[in-house]
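To keep things clear, I will list the structure first and then write my remarks on it.
All values below were derived from every heavy atom in this structure, side-chain atoms included, with hydrogens, water molecules and symmetry-related copies excluded. Letters A, B, ... are given to chains in the order of the sequence lines, protein chains preceding strands, and every chain is numbered from 1.
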Number of protein chains: 2
Amino acid sequence: MSDPISTREKLLKAAQNLFWTRGYSNVSVRDITRSADVDVALVSRYFGGKQGLFEATLKLVPPWEALAADGEALLLKAVKSFSEPHDPRSDAVNPFTMLLSNVNDPEMGDMIRDMVRRGMSKPLAEKIGGRQAETRAAMLLAVLFGAALMRKSFQVDGFQAQPNEALVAQLMHLARAALAYDG
Amino acid sequence: MSDPISTREKLLKAAQNLFWTRGYSNVSVRDITRSADVDVALVSRYFGGKQGLFEATLKLVPPWEALAADGEALLLKAVKSFSEPHDPRSDAVNPFTMLLSNVNDPEMGDMIRDMVRRGMSKPLAEKIGGRQAETRAAMLLAVLFGAALMRKSFQVDGFQAQPNEALVAQLMHLARAALAYDG
DNA sequence: ACCGCCTGTCAACACTCGTTGACAAAATTT
DNA sequence: AAATTTTGTCAACGAGTGTTGACAGGCGGT
């Protein structure tokens, strides 16, 4: 083959796709190795075990780009990062899908919660400032994660159907309301 | 003992507590029987197996009371039903916690998604009516489930701390915004 | 008393899980 | 060419899963 992808990379890619969509506990090591067409024992050899492989995929999560912007641009980036549909045929799984899939995991839930608090909730609260910054930031995150939940997990009708533009506009309206209310 | 609770009830109660908080796949039959102080085999005898026991707990889910109200009262009931904290020492587990815990389950996810669509999303859309009723209903649900997610799953700081009254007021503000926007 | 029925107990089943160690093949270095 | 390191293969392990069947005790009814 003219495809010199190392076995380690094949494992990491397959693990990312499966872990990020189904969740850590719902994916077996044999699921991953079967998908990557690789022997089961190599997971322990290259990554030290299932947990090490999962943590390796966590390092593929990019920083939340919305935090680099300000004001209206911040909101737009934040909304778009959540409202992008998750395409199973694509290699790129939405990182927020991964957070939703693993938040309730009995083994990895703590790690995921820490990622959200440290990487999203706290920096967002510091960024927006003002009265009740923590609560208002949490409200914005509630809107965003709620939207992702409706789309990816519950798959309710009113979310997948319409063109993406209208959905983004509606979420922007809601996001502004989340940050505006200060009690 | 002066406690004539039947074994079947003990099993159902323990199953409800464990299934609704940890999720179907993350609870073993032996976890339940150990918690209920009952033999493992009785699950299959009384409920036909693990799946039957889970479905028996699903019948304990009450209908969504918010759907019986109208206008502002509907919103208030809806918000309160979600924003009530989940107390692990209490016997009454919030049904929406159960939905969040089981929506990503590989075996029971379909059933849970159907419950939300048929019991919440569609009747709510019919109730509110107007333009884009489905999408606006989905937006309201996104706010509510997002709030529950922030509280129960992510446990972000800005949500648990403050008095419940302020949180309800803020969520009401957001819920009105969700239903008001019609494109 | 005898019978039948409900209830609970125990051991075992077939299966999947993550992980390990022995061994072979290939690639790299000396 | 020989030695060493890397890479992949195979079988097995102990633990945990849901489920089943055989068996015993208690209960009320004929």
Give every pair of a protein N or O atom and an N or O atom of nucleotides 7-10 of chain C that lie under 3.5 Å apart, one pair per line with the distance.
unit_1	atom_1	unit_2	atom_2	d
C:dG8	OP1	B:Thr7	OG1	2.3
C:dG8	OP2	B:Thr7	OG1	3.4
C:dG8	OP2	B:Tyr46	OH	2.6
C:dG8	N7	B:Arg45	NH2	3.0
C:dG8	O6	B:Arg45	NH2	2.6

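If you take CZ of B:Arg34 and C1' of D:dT17, they are 12 Å apart, rounded to a whole angstrom. Atom CZ of B:Arg30 is separated from atom P of C:dA12 by 14 Å (rounded to the nearest Å). Rounded to whole angstrom, the span from the CD atom of A:Glu107 across to the P atom of C:dC17 amounts to 14 Å. Here the C1' atom of nucleotide D:dT17 and the CG atom of B:Asn26 are 13 Å apart, to the nearest Å. Rounding to whole angstrom units, CG of residue B:Leu11 and C1' of D:dG18 are separated by 15 Å. Atom CG of B:Leu53 is separated from atom C1' of D:dT17 by 16 Å (rounded to the nearest Å). Distance, A:Phe47 CZ to C:dT19 P: 13 Å, rounded to whole Å. Rounded to whole angstrom, the span from the NZ atom of B:Lys50 across to the P atom of C:dC15 amounts to 19 Å.
A:Leu12 places a side-chain heavy atom less than 4.5 Å from the side chain of A:Phe47.
In this structure, the separation between OG on B:Ser121 and CG on B:Leu140 is 10.0 Å, given to the nearest 0.5 Å. Note that CE of B:Met120 is 4.5 Å distant from CZ of B:Phe96, once rounded to the nearest 0.5 Å.
Note on A:Ser28: a side-chain N or O is less than 4.0 Å away from OP1 or OP2 of C:dC17.
For the pair A:Lys152 and A:Phe159, the cation-pi criterion (under 6.0 Å, within 45° of the ring axis) is not fulfilled.
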Next item on the list: Take A:Asp39 and A:Thr33 through the test side chain to side chain contact (heavy atoms under 4.5 Å, CB included) and record every step on the way to the result.
Entry: CA-CA 6 Å; A:Asp39 192 87; A:Thr33 56; over 6 Å; no
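Residue A:Ser44 is in base contact, counting any heavy-atom pair closer than 4.0 Å across all strands shown.
Of all heavy-atom pairs spanning A:Ser25 and B:Asn26, the tightest one is CB-OD1, 4.3 Å.
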